[in-house]
Each structure stands twice: as C-alpha cells, then as structure tokens.
Amino acid sequence: MSTNITWHEGSISRTEREKLLGQKGLTVWFTGLSASGKSTLASALEQQLLHLGSSCYRLDGDNIRFGLNKDLGFGQKDREENIRRIAEVAKLFADSTTIALTSFISPYQSDRDVARKLHEDSGIPFIEVYVDAPLEVVEQRDPKGLYKKAKMGEIKEFTGVSAPYEPPPSPELHIRTDKLNLKESVKIILDYLIEKKYINQKVLN
C-alpha cells in the first residue's frame, strides 16, 4: 500500500467543470451474465449518446483485460480486484464530466456495492443496469462458445455454470433482453437519464 502520498485538489471544481462543459458526469454500470447483451447495449447507448452530443466512453470487460487488468485471472480475488480497478477508472471518467459506460459481468453483489459506494462517496451518480436474460437463453446465444467450453470443463470458474452470479436486488434499471429489442432497451436508459436530469432534454430535440 502506498504511503507518504497527498491528494492534490485541482483549481476547478466538478460543479464548475460541469457548468462550463454543459454536462454531468456519471457511471452507467451494466451487469449480467455473459451473452446477456451488456456489451451490445452499452455500445448502442454510447453511439446514441455521442450522436446526441453527450461525451461518453465505454469500458468493456474483455477489452480491459487486454491492458489494465491483463495480470488478473478469474478467481474470486482477481474478480474483486478487476471490479475495484474498473470502478476507480469509471469514477475518474465521470469526475471529468464524461458518461462512463461499463459492461462487466461483475457477478458479486459485494463488489458492485464497493463500486457504488466509491461513486456515491464522491457525489457521482451510479446507475446500475441489470441486463437480464435466462440462463437457457444466454446458453443458446453463446456467441463466443464459452458456455459450451465451460460445460465441457475447458473453462474453470465460469459465471452461471461453475461460478455464481448474484442478481442485483434493486438496480436502477432492469432490462430483459429476451423480451426487449435493442432499440427499446436503449430508449429505457435514455428516458431514465432524461428523467433524472443527467442529460438535457434539449439534447434530444
């Protein structure tokens, strides 16, 4: 653990930055089983927000493991550290008034609670989106063939097969991708962001 360090405050507050840039920073945290549609939904939302003039950036579970978290495996301790790091990165993006979109399985409620508290302690909105589809549906989708490999024992500690997923008890949004199409799902999130005044209504006009 680092010692003998001091936090240096900048000369511009988050409130002033938001006023100057005309946007609020926040994190939209997509959680759900593999193949539930997290990355697809986050990508579509990112595209929509950018076209509407909102600064945003998507942090994807697989992509992060090519760089920042390439030293981590998939055991519980490494999963905890994976989520801790990405929560810190998302908070930094949000603090800069960017809308951070994170798509991670993040299977453990305790880890998501840590991510939420990290944001809330800094006064940054944290919107948890539970991207939900039944196990039989995601197994049928299985675009990467991961469920098949996990059931054959080729992948250890695979969420939904040999490792648990703890559904969020009270997410801000619960989206059933087996019942809603992509356009409908994106609209639910956009409507929520407008209702909570995280993005301006005029942006959509």
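- Residues Arg58 and Ser103 have side chains that never bring a donor and an acceptor to within less than 3.5 angstrom of each other.
- When each of Glu80, Glu172, Glu128, Glu166 is paired with Arg112, the salt bridge (Lys or Arg N to Asp or Glu O under 4.0 Å) condition holds for Glu128 and for no other.
- A donor-acceptor pair is defined here as one N or O able to donate and one able to accept, closer than 3.5 Å; no such pair exists between the side chain of Arg79 and the backbone of Asp111.
- Counting heavy atoms from C-beta outward, Asp132 and Ile175 have side chains that stay 4.5 Å or more apart.
- Contact record, Gln76 with Glu157: N-OE2, 4.4 Å, taken as the closest heavy-atom pair.
- The heavy-atom pair separating Val186 from Ala44 by the smallest distance is CG2-CB, 3.7 Å.
- Scored by the side-chain hydrogen bond (donor to acceptor under 3.5 Å, both in side chains) test, Tyr165 finds Thr31 as partners (sequence neighbours excluded).
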Would you please test Arg84 and Glu81 for salt bridge (charged side-chain N to carboxylate O under 4.0 Å, His left out) and show each step? CA-CA 5 Å; Arg84 187 196 70 80; Glu81 177 61 12; 2.9 Å; yes
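- In this structure the side chain of Lys24 never reaches within 4.5 angstrom of the side chain of Thr97, judged on heavy atoms.
- Side-chain contact check for Phe104 versus Asn82: some heavy-atom pair is nearer than 4.5 Å.
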Between Ile105 and Ser34, is a side chain to side chain contact (heavy atoms under 4.5 Å, CB included) present by the stated rule, with each step listed? CA-CA 7 Å; Ile105 294 173; Ser34 179; 4.1 Å; yes
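- Hydrophobic cluster membership is shared by Ile194 and Val28, with clusters built from Ile, Leu, Val, Met, Phe, Trp and Tyr side chains linked at under 4.5 angstrom.
- Between atom CD of residue Gln23 and atom CG of residue Leu49 there is a gap of 8.5 Å, rounded to the nearest 0.5 Å.
- Cluster membership check: Ile189 does not share its hydrophobic cluster with Phe126, using side-chain heavy-atom separations under 4.5 Å among Ile, Leu, Val, Met, Phe, Trp and Tyr.
- Glu139 places a side-chain heavy atom less than 4.5 Å from the side chain of Lys151.
- Side chain of Asp78 to main chain of Leu72: no donor-acceptor pair is present (N/O by atom type, distance under 3.5 Å, no hydrogens or angles).
- The backbone N or O of Ala94 sits nowhere less than 3.5 Å from a side-chain atom of Thr98 that would complete a donor-acceptor pair.
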Before you tell me yes or no, could you show the steps for Ile188 and Val129 under side chain to side chain contact (heavy atoms under 4.5 Å, CB included), namely the whole-Å CA-CA distance, both residues' side-chain angles and the distance that decides it to 0.1 Å? CA-CA 10 Å; Ile188 288 172; Val129 180; over 6 Å; no
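- More than 12 heavy atoms of other shown residues, nucleotides or ligands fall within 6.0 angstrom of atom CZ in Phe158.
- Under a hydrophobic-cluster definition in which Ile, Leu, Val, Met, Phe, Trp and Tyr are linked whenever side-chain heavy atoms come within less than 4.5 Å, directly or via other members, Leu173 and Leu190 are assigned to the same cluster.
- Taking CD1 of Ile199 as the reference point, atom SG of Cys56 lies at 10.0 Å (rounded to 0.5 Å).
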CA sep, side-chain torsions, deciding dist, call: Leu101, Leu59, side chain to side chain contact (heavy atoms under 4.5 Å, CB included): CA-CA 6 Å; Leu101 309 173; Leu59 301 165; over 6 Å; no
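- Listed here is the closest heavy atom pair of Ala35 and Pro143: CB-CD, 3.8 Å.
- The CD atom of Gln48 sits 13.0 Å away from atom OG of Ser43, with the distance rounded to the nearest 0.5 Å.
- Note on Leu146 and Val137: separate hydrophobic clusters, where clusters join Ile, Leu, Val, Met, Phe, Trp and Tyr whose side-chain heavy atoms are under 4.5 Å apart, directly or indirectly.
- No more than 12 heavy atoms of other residues, nucleotides or ligands shown are found within 6.0 angstrom of CD on Gln140.
- Rounded to the nearest 0.5 angstrom, Ile99 CD1 and Leu26 CG are separated by 5.0 Å.
- The CD atom of Glu136 lies 8.5 Å from the CG atom of Asp178; values are rounded to the nearest 0.5 Å.
- Residues Thr102 and Phe30 form no side-chain contact, since every pair of their non-hydrogen atoms from C-beta on lies 4.5 Å or further apart.
- Grouping Ile, Leu, Val, Met, Phe, Trp and Tyr residues whose side-chain heavy atoms lie under 4.5 Å apart, directly or via other members, leaves Met152 alone, with no other cluster members.
- Remark: the backbone N or O of Lys148 is paired with a side-chain donor or acceptor of Asp142 at under 3.5 angstrom.
- Taking the centre and axis of the six-membered ring of Tyr147, the NZ or CZ atom of Arg141 falls outside the cone set by 45° and 6.0 Å.
- Listed here is the closest heavy atom pair of Pro125 and His119: O-CD2, 4.2 Å.
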Begin from the C-alpha positions of Val114 and Ile83 and carry the test side chain to side chain contact (heavy atoms under 4.5 Å, CB included) through to its verdict. CA-CA 9 Å; Val114 167; Ile83 297 306; over 6 Å; no
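- With a 4.5 Å cut-off on side-chain heavy atoms, Tyr198 and Ile127 count as touching.
- Distance alone, capped at 3.5 Å, places no donor-acceptor pair between the Glu88 side chain and the Arg85 backbone.
- Transitive grouping of hydrophobic side chains (ILVMFWY, heavy atoms separated by less than 4.5 Å) brings Leu180 and Leu41 into a common cluster.
- For the residue pair Pro168 and Gln109, the shortest heavy atom distance occurs at CA-OE1, 3.5 Å.
- The CG atom of Asn69 lies 11.5 Å from the CG atom of Asn63; values are rounded to the nearest 0.5 Å.
- Within the 3.5 Å criterion, the main-chain N or O of Leu33 finds a donor-acceptor partner in the side chain of Lys38.
- Although no hydrogens or angles enter the test, the distance criterion places a donor-acceptor pair under 3.5 Å between the side chain of Thr177 and the main chain of Ser36.
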